[in-house]
> 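Here you go, one structure.
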Protein chains: 2
Amino acid sequence: MLVDQAVTSADKTFLTMRKDIVEGLIRQGSKLSETDLSSRYGVSRAVIREAINRLERCSLVERKANVGARVVALSPEGLIELYQVREALEGMAARLAATNMTDNEIADINQLLNTHFEEVKGGDSYYQEAGDVDFHYRIVVGSKNKQLISTLVEGIYHLVRMYRVQLGMEGPRVTTAYDEHRHIIQAISNRDAELAEMLMRRHIYYSKRNIEQKLSAASENNL
Amino acid sequence: MLVDQAVTSADKTFLTMRKDIVEGLIRQGSKLSETDLSSRYGVSRAVIREAINRLERCSLVERKANVGARVVALSPEGLIELYQVREALEGMAARLAATNMTDNEIADINQLLNTHFEEVKGGDSYYQEAGDVDFHYRIVVGSKNKQLISTLVEGIYHLVRMYRVQLGMEGPRVTTAYDEHRHIIQAISNRDAELAEMLMRRHIYYSKRNIEQKLSAASENNL
DNA sequence: TTAATTAAATATGTCGACAATATAGACAAT
DNA sequence: ATTGTCTATATTGTCGACATATTTAATTAA
């Protein structure tokens with residue numbers, strides 16, 4: 001589906017590079033030499049520059065004039081900041097979704113949680129990861145706020161995934177998160193915007209605290 | 001100060017074009033022909049493409065593959081969506097600022113409000129506009145959250161200004177807004193994160209309602 | 001007259017080459 | 001030994017030209 005929309009060579013290169021960065025094939029903090037990448041991906045420098053421009057738009061890459069581009073460096077602080085922004089934006093998304101989601105969309109997301117529940121019972125945490133992403137994605141889209149959607153979907157979510165993959169924090173808090181999802185969609189179903197926002201904010205806030213614990217535990221192990 | 005940092009030709013062209021778009025010299029919704037702009041600004045197409053890329057990053061321009069770029073079209077819904085995002089992000093900014101701003105930064109912003117008050121008494125509403133921007137800017141920077149800062153300062157604020165300029169909504173709610181600013185900085189000064197966020201959200205929510213009223217009044221006049 | 005097809009014109013996408021800037025290393029002076 | 005300057009090298013920035021896709025206009029058939 002993504003590759004279908006990638007009509008131009010720069011589109012494909014952008015998507016490939018984004019994958020390589022998110023999954024750590026291109027290391028965090030490493031320099032992006034235009035000539036190197038040009039030969040590596042078999043396209044001209046113009047295409048690489050275009051791709052780098054879009055990567056910069058997702059906050060995956062930082063550029064300095066006359067010096068070049070680097071992949072962003074991951075840090076505990078950076079992840080915390082990301083979750084603070086998520087708390088604010090997704091909280092608002094849930095609030096708006098309570099008003100703007102259609103009954104069909106709500107029914108769909110309930111069905112998603114049902115199939116999801118089966119997988120949680122089966123103890124398959126990988127699908128939990130995908131399911132978690134899907135749940136949050138649908139709420140955000142349900143807000144119907146274009147600014148909100150593009151900021152999260154085209155920007156922040158890729159960065160979050162980069163952290164998850166590279167710091168190995170996939171599938172945390174499986175069962176707890178599932179219950180929280182249930183409560184959120186319940187509030188949306190009741191068209192209770194106030195509660196939906198509060199529950200979503202708490203949900204993300206708990207995720208943040210969970211991650212902070214893991215981070216501090218990991219840093220203690222590295223002493 | 002801005003022009004100093006604009007080292008490359010693309011930097012300058014970007015800043016010039018942004019100004020022209022925000023102030024309506026290049027009309028909303030109009031097509032951005034690369035060849036036209038190239039001759040208009042006296043630079044090569046590569047420079048124009050680079051500039052358009054950055055304009056797209058600010059959500060001031062939208063691009064379609066093999067078709068081209070257009071300046072975004074302003075709409076009442078778009079402005080509402082913008083204020084919803086502002087409410088969420090600046091609310092969080094105020095919350096974080098209550099923890100992260102230094103005493104000096106808080107003193108500075110209080111001083112700003114004092115000089116500001118003199119100007120409000122003098123009835124000069126243009127400076128109120130600039131002062132309002134400055135106040136919000138300082139809170140956001142005071143949050144110390146880089147994601148938050150860049151999203152607002154490099155993205156949303158330019159769009160907001162574009163709306164204000166082109167819909168002629170400069171300097172609204174002069175005295176009321178001033179009091180609200182006072183209360184917000186008071187909460188931050190007390191290091192009361194919870195209250196700071198709530199007050200900031202209300203402040204922006206009131207602005208939104210004020211704008212909605214003006215918009216509906218304007219549309220009635222156009223019947 | 002309308003619809004469909006095709007061809008011309010125009011715009012964006014991509015490329016390789018050159019210009020301007022920054023980095024690294026050698027060398028000189030303190 | 002360290003600092004500063006200068007030179008050589010490599011990288012990014014900019015340019016004009018060509019390839020490819022889209023749009024417009026013209027032409028033909030129904």
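Each chain gets a letter, A, B and so on, in the order the sequences are listed, and its residues count up from 1.
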> Does B:Tyr205 have B:Arg201 sitting over its ring (NZ/CZ under 6.0 Å from centre, angle to axis within 45°)?
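Not satisfied by the 6.0 Å and 45° rule.
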> Can you tell me the distance, in whole Å, between the CD1 atom of A:Ile52 and the C1' atom of D:dT11?
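Value for this atom pair: 12 Å.
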> Could you walk me through whether A:Val160 and A:Arg86 pass the side chain to side chain contact (heavy atoms under 4.5 Å, CB included) check?
CA-CA 10 Å; A:Val160 170; A:Arg86 278 191 70 187; 3.9 Å; yes
> Would B:Arg49 and A:Glu50 pass as an ion pair if we require N to O under 4.0 Å?
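A salt bridge links B:Arg49 with A:Glu50.
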> Should A:Glu62 and A:Arg57 count as an ion pair when the cut-off is N to O under 4.0 Å?
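A salt bridge is absent here (no side-chain N lies under 4.0 Å from a carboxylate O).
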> In whole Å, I'd like the distance from the NZ atom of B:Lys12 to the P atom of C:dA20.
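Between P of C:dA20 and NZ of B:Lys12: 13 Å.
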> With a 4.5 Å limit on heavy-atom distance, are the side chains of B:Leu89 and A:Met92 in contact?
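The answer is no; the side chains never approach within 4.5 Å.
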> Just how far, in rounded Å, is P of C:dC15 from CZ of A:Arg49?
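My rounded result for the distance is 14 Å.
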> B:Asp132 and salt bridge (Lys or Arg N to Asp or Glu O under 4.0 Å): which single residue from B:Arg161, B:Arg164, B:Arg138 fits?
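With B:Asp132 as partner, B:Arg161, B:Arg164, B:Arg138 yield a single salt bridge (Lys or Arg N to Asp or Glu O under 4.0 Å), made by B:Arg164.
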> Round to the nearest Å and state the distance from B:Arg45 atom CZ to D:dG16 atom P.
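Checked: the CZ to P distance equals 12 Å.
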> Taking CD1 from B:Ile48 and P from C:dG13, how many angstroms apart are they, rounded to a whole number?
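So the two atoms are 14 Å apart, to the nearest Å.
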> With respect to the phosphate group of D:dA10, does any side-chain polar atom (N or O) of A:Ser33 fall under 4.0 Å of OP1 or OP2?
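Negative; the distance criterion is not met.
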> Could you say whether A:Val47 or B:Thr35 is positioned toward the 5' end of DNA chain C, judged by the nucleotide with the nearest heavy atom to each?
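Mapping each residue to its closest nucleotide by heavy atoms, the 5'-most match is B:Thr35.
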> Answer yes or no: does a side-chain N or O of B:Lys31 lie under 4.0 Å from OP1 or OP2 of C:dT12?
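For C:dT12, OP1/OP2 do have a side-chain N/O of B:Lys31 under 4.0 Å.
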> Salt bridge check, A:Arg54 against A:Asp11: does any charged N sit closer than 4.0 Å to a carboxylate O?
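Result for this pair is yes, salt bridge flagged.
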> Could you tell me the separation between the CZ atom of A:Arg54 and the C1' atom of C:dG13, rounded to a whole number of Å?
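Checked: the CZ to C1' distance equals 11 Å.
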> Where do N or O atoms of nucleotides 21-23 of chain C meet protein N or O atoms at under 3.5 Å, pair by pair?
unit_1	atom_1	unit_2	atom_2	d
C:dT21	O3'	A:Asn66	ND2	3.4

> Just to confirm, is there a sub-4.0 Å distance from OP1 or OP2 of D:dC15 to any side-chain nitrogen or oxygen of B:Ser44?
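The answer is yes; a side-chain N or O of B:Ser44 sits under 4.0 Å from OP1 or OP2.
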> Base, sugar-phosphate, or nothing: which does B:Leu32 touch, judged by heavy atoms less than 4.0 Å apart?
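The answer is sugar-phosphate, as B:Leu32 gets under 4.0 Å only of primed atoms, P, OP1 or OP2.
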> For A:Glu50 and C:dT14, give me the distance from atom CD to atom C1', rounded to whole Å.
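Atom-to-atom, A:Glu50 to C:dT14, this comes out as 11 Å.
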> Report the relative orientation of the aromatic rings in B:Phe135 and B:His181; use parallel for angles under 30°, tilted for 30 to 60°, perpendicular for over 60°.
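It falls in the parallel class, under 30°.
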> Would B:Glu23 and B:Leu25 count as a side chain to side chain contact (heavy atoms under 4.5 Å, CB included) if you check the C-alpha gap in whole Å, the side-chain angles of each, and the deciding distance to 0.1 Å?
CA-CA 6 Å; B:Glu23 297 180 358; B:Leu25 220 88; 5.5 Å; no
> How sharply is the helix from C:dT1-D:dA30 to C:dT30-D:dA1 bent, taking the axes over five pairs at either end and rounding to 10 degrees?
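Both end axes considered, the difference amounts to 10°.
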> Once you round it to whole Å, what is the distance between C1' of D:dA17 and CD of B:Glu34?
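Going from B:Glu34 (CD) to D:dA17 (C1'), I get 15 Å.
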